[in-house]
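See below for the structure under consideration.
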Amino acid sequence: MELPGKHQRIYAIVRQIPPGHVATYGDVAALAGLPGHARLVGYALHALTEFSDVPWQRVINARGAISLGRAYPGGELHQRRLLEAEGVEFDANAKINLKRFRWRPV
DNA sequence: GAATTGACGCGGC
DNA sequence: GGCCGCGCCAATT
């Protein structure tokens, strides 16, 4: 785990997401060199903790919503709060306006 | 070394 | 327009 693997590659991409912006699993996977492997991104972030230097909270699913509700009940509320603190807004459906906050590499 | 799981994506109904 | 099931690769045990 110490050696750079596929996971490390994904972490590097997530670290590049600037505050106030979000990216989808598919995007992160593609940027990490793993197009179509959104599950790997989820698996990699799952191994992270809130103490990690990786802003995993800025990574959301393609629907623009938080996926934690599936594995960590109530955890999505925690993530939502973090994003709102960065300037990311949610709609009535607890979804992020991807059209506005979706981060793209420059 | 092999089997199972996993923060998802997309197609189909 | 929303809900269900299948499939991809890597990491973990």
Side-chain angles (χ1 to χ4, degrees):
Chain A
M1 275 207 237
E2 303 288 323
L3 295 175
K6 265 55 175 189
H7 274 193
Q8 296 297 333
R9 193 99 180 230
I10 294 167
Y11 299 150
I13 300 298
V14 179
R15 272 189 208 149
Q16 292 172 54
I17 303 177
H21 288 263
V22 295
T24 67
Y25 287 91
D27 282 347
V28 175
L31 292 171
L34 305 167
H37 297 191
R39 312 188 99 215
L40 271 299
V41 179
Y43 197 81
L45 297 180
H46 166 237
L48 290 172
T49 68
E50 51 187 304
F51 298 95
S52 304
D53 56 334
V54 181
W56 56 270
Q57 66 246 47
R58 290 176 195 153
V59 184
I60 57 180
N61 59 8
R63 297 181 194 171
I66 299 173
S67 323
L68 289 178
R70 192 187 285 183
Y72 298 92
E76 82 172 56
L77 202 48
H78 176 70
Q79 181 172 358
R80 172 173 171 173
R81 199 164 79 180
L82 291 171
L83 290 171
E84 287 182 318
E86 295 183 355
V88 180
E89 299 174 15
F90 287 77
D91 62 2
N93 262 337
K95 288 193 194 169
I96 298 175
N97 195 340
L98 288 176
K99 269 209 126 169
R100 232 176 107 184
F101 299 102
R102 198 188 205 202
W103 171 70
R104 52 175 189 164
V106 278

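Convention: sequence-line order gives letters A, B, ...; per-chain numbering from 1. The figures here come from the full heavy-atom set of this structure, side chains too, leaving out hydrogens, waters and symmetry mates.
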Which pairs, protein N/O on one side and nucleotides 7-9 of chain C N/O on the other, fall under 3.5 Å?
{"unit_1": "C:dG7", "atom_1": "O6", "unit_2": "A:Arg39", "atom_2": "NH2", "d": "3.4"}
{"unit_1": "C:dC8", "atom_1": "N3", "unit_2": "A:Arg39", "atom_2": "NH1", "d": "3.4"}
{"unit_1": "C:dC8", "atom_1": "N4", "unit_2": "A:Arg39", "atom_2": "NH1", "d": "3.3"}
{"unit_1": "C:dC9", "atom_1": "O4'", "unit_2": "A:His37", "atom_2": "ND1", "d": "3.4"}

Exercise. Please answer whether the main-chain N or O of A:Gly75 pairs with a side-chain N or O of A:Gln79 as donor and acceptor at a distance below 3.5 Å.
Key: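 Not at all, since once roles are kept as given, no pair shorter than 3.5 Å links the two residues.
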Exercise. Report yes or no: does A:Asp91 contribute a side-chain atom to a donor-acceptor pair with the main-chain N or O of A:Asn93 at less than 3.5 Å?
Key: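 Side chain of A:Asp91 to backbone of A:Asn93, a donor-acceptor pair under 3.5 Å: yes, one is there.
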Quiz prompt | Members of residues 44-55 of chain A that approach DNA chain B, where some heavy atom sits under 4.0 Å away | solution =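 Within this stretch, A:Leu45, A:His46 sit under 4.0 Å of the strand.
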Practice problem: Could you name each residue pair satisfying salt bridge (Lys or Arg N to Asp or Glu O under 4.0 Å) that touches residues 53-67 of chain A, not counting sequence neighbours? | Solution: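 Qualifying pairs: A:Arg15-A:Asp53, A:Arg58-A:Glu86.
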Quiz prompt | Minimum heavy-atom distance A:Leu68-A:Glu76, with the two atoms named | solution =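 Of all heavy-atom pairs spanning A:Leu68 and A:Glu76, the closest is CB-N, 4.0 Å.
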Quiz prompt | Residue pair A:Ser67 / A:Asn61: nearest heavy atoms and the distance that separates them | solution =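 Taking A:Ser67 first and A:Asn61 second, the nearest heavy atoms are OG-CB, 3.4 Å.
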Exercise. Kindly indicate whether the side chain of A:Val88, heavy atoms from C-beta on, has any atom under 4.5 Å from the side chain of A:Arg100.
Key: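 In short, these two side chains do not touch, never coming nearer than 4.5 Å.
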Exercise. For residues A:Pro55 and A:Val14, determine if any side-chain heavy atom of one lies less than 4.5 Å from a side-chain heavy atom of the other.
Key: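 A side-chain contact under 4.5 Å exists here.
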Show me the protein contacts with nucleotides 1-3 of chain C, counting only N or O atoms at under 3.5 Å.
none

Self-check item: Spacing of CD1 belonging to A:Ile66 relative to CG belonging to A:Leu83, to within rounding of 0.5 Å
Solution: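 Answer rounded to 0.5 Å: 5.5 Å.
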Nearest-angstrom distance from the residue atom [atom1] of [X] to [atom2] of [N]:
{"X": "A:Tyr43", "N": "B:dG9", "atom1": "OH", "atom2": "C1'", "value": "19 Å"}
{"X": "A:Tyr25", "N": "B:dG6", "atom1": "OH", "atom2": "P", "value": "15 Å"}
{"X": "A:Gln8", "N": "C:dA10", "atom1": "CD", "atom2": "C1'", "value": "14 Å"}
{"X": "A:Ile66", "N": "B:dC8", "atom1": "CD1", "atom2": "C1'", "value": "15 Å"}
{"X": "A:Arg9", "N": "C:dA10", "atom1": "CZ", "atom2": "C1'", "value": "14 Å"}
{"X": "A:Asp27", "N": "B:dG9", "atom1": "CG", "atom2": "C1'", "value": "12 Å"}

Exercise. Quick one: which residue pairs count as a ring-ring contact (aromatic ring centres under 6.0 Å, His included) with a foot in residues 79-106 of chain A, not counting sequence neighbours?
Key: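 Residue pairs with at least one partner in residues 79-106 of chain A: there are none.
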Which protein N or O atoms sit under 3.5 Å from an N or O of nucleotides 4-6 of chain C?
none

Quiz item: Quick one: do A:Arg80 and A:Glu84 make a salt bridge, cutoff under 4.0 Å?
Solution: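 The answer is yes: the pair qualifies as a salt bridge.
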Exercise. Evaluate side chain to side chain contact (heavy atoms under 4.5 Å, CB included) for A:Val22 paired with A:Ile17, printing each intermediate quantity in order.
Key: CA-CA 7 Å; A:Val22 295; A:Ile17 303 177; 5.8 Å; no
All N/O donor-acceptor pairs, side-chain side in residues 26-52 of chain A, below 3.5 Å, sequence neighbours left out:
{"unit_1": "A:Asp27", "atom_1": "OD1", "unit_2": "A:Arg102", "atom_2": "NH2", "d": "3.1"}
{"unit_1": "A:Asp27", "atom_1": "OD2", "unit_2": "A:Thr24", "atom_2": "OG1", "d": "3.2"}
{"unit_1": "A:Asp27", "atom_1": "OD2", "unit_2": "A:Arg102", "atom_2": "NE", "d": "2.9"}
{"unit_1": "A:Asp27", "atom_1": "OD2", "unit_2": "A:Arg102", "atom_2": "NH2", "d": "2.6"}
{"unit_1": "A:His46", "atom_1": "NE2", "unit_2": "A:Tyr72", "atom_2": "OH", "d": "3.1"}
{"unit_1": "A:Thr49", "atom_1": "OG1", "unit_2": "A:Phe51", "atom_2": "N", "d": "3.2"}
{"unit_1": "A:Thr49", "atom_1": "OG1", "unit_2": "A:Ser52", "atom_2": "OG", "d": "3.3"}
{"unit_1": "A:Ser52", "atom_1": "OG", "unit_2": "A:Thr49", "atom_2": "N", "d": "3.0"}
{"unit_1": "A:Ser52", "atom_1": "OG", "unit_2": "A:Thr49", "atom_2": "O", "d": "3.1"}

